[in-house]
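Just so you know, ligand 1 is whichever comes first in the structure, and atom 1 is the first atom listed for that ligand. One-based numbering along the sequence shown.
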Amino acid sequence: MNKTYYFNWTSFLIGFLVIFSANAQTNQLIVNTDQSGPVISRHIYGHFAEHLGRNIYGGIWVGPDSDIPNEDGYRLDVMNAIKALEIPNLRWPGGCFADEYHWTDGIGDPKERPMMINTHWGGVVEDNSFGTHEFLNFTKKIGAEPYITGNVGSGSVEEMSKWIEYINFDGVSPMANLRKKNGQEEPWNIKYWGVGNENWGCGGNMTAEYYANEYKRYATYARDYGANKLYKIAGGANSFDYNWTEVLMKNIPLDMMDGLSIHYYTVTGTWQNKTSATDFDKATYLVTLKKAARLEELIVRHGAIMDQYDPEKKVGIIFDEWGTWFDVEPGTNPGFLYQQNTLRDAFVAAMSLNIFNNHADRVHMANLAQTVNVLQAIILTDDKDMILTPTYHVFDLYKPHKDALLLSHHLTSEDVSIGNETMKALNVSSSKSADGTVNISIANINPDKKIDLDVLLRGMDPKSVTAKIITAPEINSYNSFEKKEVVKTAEFKDFKLSKESLNISVPAKSIIMVRVK
Ligand code: AHR
């Protein structure tokens with residue numbers, strides 16, 4: 001009897017200690033610096049510029065006669081800002097626009113180019129003054145690889161095949177001769193080609209089975225010229241449509257497809273009421289971040305299907321459209337998709353990039369939608385004026401991850417709960433640069449609480465640490481044309497380094513990049 005009583009008392013004590021320690025949870029990050037994974041492709045940090053709203057016209061391109069300072073028609077402020085970001089690739093011309101774009105309308109003397117109506121986006125006149133040459137000269141100036149999406153929805157196999165010949169063939173052929181006549185002697189040797197866009201919807205309303213067959217026809221005549229081996233990207237699923245992935249993986253031979261696209265937008269409300277980009281409370285903020293975090297689920301579930309057909313992960317998941325989609329700014333053209341960008345968008349970017357990094361074995365490319373003045377833009381313009389958004393600063397902060405080796409980590413994080421939502425307060429990815437520097441990006445999404453994080457750098461003898469931070473007074477702080485630097489990057493020093501470990505006081509609502517040597 002006595003013995004039983006003694007035993008229960010001990011269990012009670014143990015139980016008490018377990019509960020106590022769970023409440024006083026230590027936030028800990030173990031980074032295995034000696035166990036590197038795959039390379040985090042720099043192409044995960046790609047962007048997307050569609051003929052939509054003031055993205056191309058007024059954003060990237062103003063034309064050589066504009067009084068906005070420009071170089072050969074490209075606005076200088078925007079071009080220099082994009083160049084400084086060292087973006088690895090730029091996707092063009094759409095989006096939905098790609099499947100109604102006929103490339104021959106956008107070559108030759110600009111004055112002779114036909115006009116069309118951009119029926120998808122605002123019903124405005126498209127004068128085709130920004131075409132193939134203007135796009136490819138732009139990507140050259142900013143040092144990015146072009147990623148071109150062909151027209152499957154309203155185009156033809158011949159049209160796409162000839163576009164590739166026009167751009168890539170180095171010899172005598174009708175299309176190569178036409179390119180030379182239009183002033184470009186050398187082929188551009190473009191690697192990345194998308195075979196249509198959202199072919200389940202605006203790209204032709206096809207079934208997965210029909211598209212898989214179409215893909216094979218288009219891909220067959222998408223030729224490699226010379227040493228340039230094309231990287232062909234199949235139009236993939238609408239977010240959670242796993243059947244689309246299953247059908248494509250089953251029907252398209254692995255040697256005909258290099259990438260499979262998936263589009264995922266973080267829509268906070270419904271498609272009818274997407275809610276305001278700037279006017280939101282903390283509960284809505286967490287709803288947005290919880291939805292953004294579903295990227296992880298998409299990678300795991302589409303990836304599991306792909307693994308069955310492609311266990312060596314040859315075919316990459318290409319998130320060639322991702323980001324936030326809110327209601328347009330009041331008073332702006334609903335077809336132009338112009339939205340402001342707050343610290344909340346910075347968190348969506350930081351978390352998404354961490355997720356892509358952590359799945360670098362399968363995610364080979366991603367393109368934020370979209371570059372200038374559209375959706376989760378990195379740059380906003382107002383006539384001659386320009387601002388960098390919080391999202392721009394995240395891409396700048398995360399630069400060290402590009403082409404670095406992914407490091408495995410184990411994170412223990414406390415939760416943050418607001419309204420009906422609960423999620424982990426911390427979100428992390430880590431990598432090792434070629435010179436051995438360990439890069440750790442940390443987002444503390446808790447809007448109110450600083451978190452003390454113990455970082456254990458397994459297999460490393462750290463000597464020095466530098467860190468940068470993005471934060472702002474409020475979760476809905478943003479950069480406006482009147483106050484351009486409300487959200488920006490600053491030096492961060494609130495950490496202590498000792499032996500193998502590093503203690504970081506991660507401020508509430510902040511994103512940090514720590515670099516350890
Ligand atoms: O990025 C805006 C649009 O969203 C794209 O044109 C389309 O592909 C997607 O539905």
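No part of H120 comes within 4.0 Å of ligand 1, judged by heavy-atom distances. Of all the heavy atoms of W322, none lies under 4.0 Å from any atom of ligand 1, so neither backbone nor side chain is involved. Contacts between L375 and ligand 1, counted as non-hydrogen atom pairs separated by less than 4.0 Å, involve the side chain only.
Salt bridge status for K162 with E165: absent, with no side-chain N to carboxylate O gap under 4.0 Å. Ionic pairing of R54 and E329 is not present here: no N-O contact between side-chain nitrogen and carboxylate oxygen is shorter than 4.0 angstrom.
Protein heavy atom closest to atom 8 (O) of ligand 1, with residue, atom name and distance, is E321 OE2, 2.7 Å. Here the protein heavy atom with the shortest distance to atom 10 (O) of ligand 1 is E198 OE1, 2.8 Å. Here the protein heavy atom with the shortest distance to atom 1 (O) of ligand 1 is Y265 OH, 2.7 Å.
The aromatic ring centroids of H43 and Y147 lie 6.0 Å or more from each other.
Ligand 1 has F48 within reach: a non-hydrogen atom of the residue lies less than 4.0 Å from it.
With ligand atoms numbered from 1 in the order given, ligand 1 contributes 5 (C), 6 (O), 7 (C), 8 (O) to contacts under 4.0 Å with heavy atoms of C96.
In the model, T371 has no side-chain atom that pairs as donor or acceptor with a side-chain atom of N55 under 3.5 Å.
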